[in-house]
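Here's the structure we're looking at; comments come further down.
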Amino acid sequence: MKKSYRVKSEKDFQALFSKGKSYANRKFVIYRLAKEQPHYRLGLSVSKKLGNAVTRNLIKRRLRHIVMALDLKDCHHDIVIIARKGVEGLTYQEMKSNLIHVLKIADLL
């Protein structure tokens with residue numbers, strides 16, 4: 001994922017949490033905030049409670065791959081995806097279906 005597609009700074013995360021709208025299901029929480037930009041930006045948050053560094057990086061890699069495969073081209077939002085407890089035990093397909101579910105709730109798909 002290109003750097004221009006990532007939310008990295010603490011300032012951007014805090015703006016999303018304070019001004020953005022949140023949507024959730026059992027496995028993910030999504031914050032979104034409309035921005036005037038040519039494409040979406042994505043931030044990921046995976047807690048240390050979900051496992052060691054290898055497990056957390058696996059979850060983040062899968063989430064990035066799922067989001068890149070989805071059609072979010074016309075989305076002009078900053079998005080933060082927070083993984084909840086239980087995500088570490090999901091297969092790729094289960095993770096994808098849960099993420100698609102919450103993205104539809106958030107009206108991003």
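Note that the numbering runs from 1 along the sequence shown for the chain. Quick caveat, the model's predicted, so the values are computed rather than measured.
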Leu108/Tyr40 under side chain to side chain contact (heavy atoms under 4.5 Å, CB included): CA gap, chis, key distance, verdict:
CA-CA 10 Å; Leu108 293 171; Tyr40 71 92; over 6 Å; no
State plainly whether one hydrophobic cluster holds both Met68 and Val7, where clusters connect Ile, Leu, Val, Met, Phe, Trp and Tyr through side-chain heavy atoms under 4.5 angstrom apart.
no
Would you compute the distance between atom NZ of Lys49 and atom CD of Glu88 and round it to the nearest 0.5 angstrom?
12.0 Å
Does Met95 form a side chain to side chain contact (heavy atoms under 4.5 Å, CB included) with Phe28? I'd like the steps, not just the answer.
CA-CA 9 Å; Met95 192 179 289; Phe28 297 104; 3.7 Å; yes
Might you point out which heavy atoms bring Ala24 and Arg84 nearest each other, and give the distance in Å?
CB-NH2, 3.9 Å
Please report the interatomic distance CD1(Ile59) to CG(Leu44), rounded to the nearest 0.5 Å.
10.5 Å
In terms of hydrophobic clusters joined by side-chain contacts under 4.5 Å, are Leu63 and Leu50 together?
yes
Please report the shortest heavy-atom distance between Lys104 and Leu109, naming the atom on each side.
CG-CB, 4.1 Å
If two hydrophobic side chains count as joined below 4.5 Å and joins carry through other members, does Leu90 share a cluster with Ile82?
no
Ring pair (Phe, Tyr, Trp, His ring centres under 6.0 Å) partners for His39, two or more places apart
Tyr5
Assigning hydrophobic clusters by single linkage (Ile, Leu, Val, Met, Phe, Trp, Tyr; side-chain heavy-atom cutoff under 4.5 Å), is Val29 placed with Ile105?
no
Is it possible for you to say whether Ile30 and Leu33 belong to one hydrophobic cluster, with membership spreading through side-chain heavy-atom contacts below 4.5 Å?
no
If you round to the nearest 0.5 Å, how far is NZ of Lys60 from CZ of Arg64?
6.5 Å
Report yes if the side chains of Leu70 and Leu103 come closer than 4.5 Å at any heavy-atom pair, otherwise no.
yes
Only one of Phe17, Tyr23, Phe13 passes ring pair (Phe, Tyr, Trp, His ring centres under 6.0 Å) with Tyr31; say which it is.
Phe17
Shortest non-hydrogen pair, Ile81 vs Val67, comes out as CD1-CG2, 3.9 Å
Run the numbers on Arg41 and Asp12 for salt bridge (charged side-chain N to carboxylate O under 4.0 Å, His left out), then give the verdict.
CA-CA 10 Å; Arg41 292 191 316 156; Asp12 290 338; 3.2 Å; yes
Just wondering, are more than 12 heavy atoms of other shown residues or ligands nearer than 6.0 Å to CZ in Arg6?
yes
Under 3.5 Å: donor-acceptor pair, side chain of Glu94, backbone of Thr91:
yes
Let me know which of Lys21, Arg32, Lys35 forms a side-chain hydrogen bond (donor to acceptor under 3.5 Å, both in side chains) with His77.
Arg32
Would you say Asp78's side chain and Leu16's backbone share a donor-acceptor pair under 3.5 angstrom?
no
Would you indicate whether His76, at its atom NE2, is surrounded by more than 12 heavy atoms from other residues, nucleotides or ligands within a distance under 6.0 Å?
yes
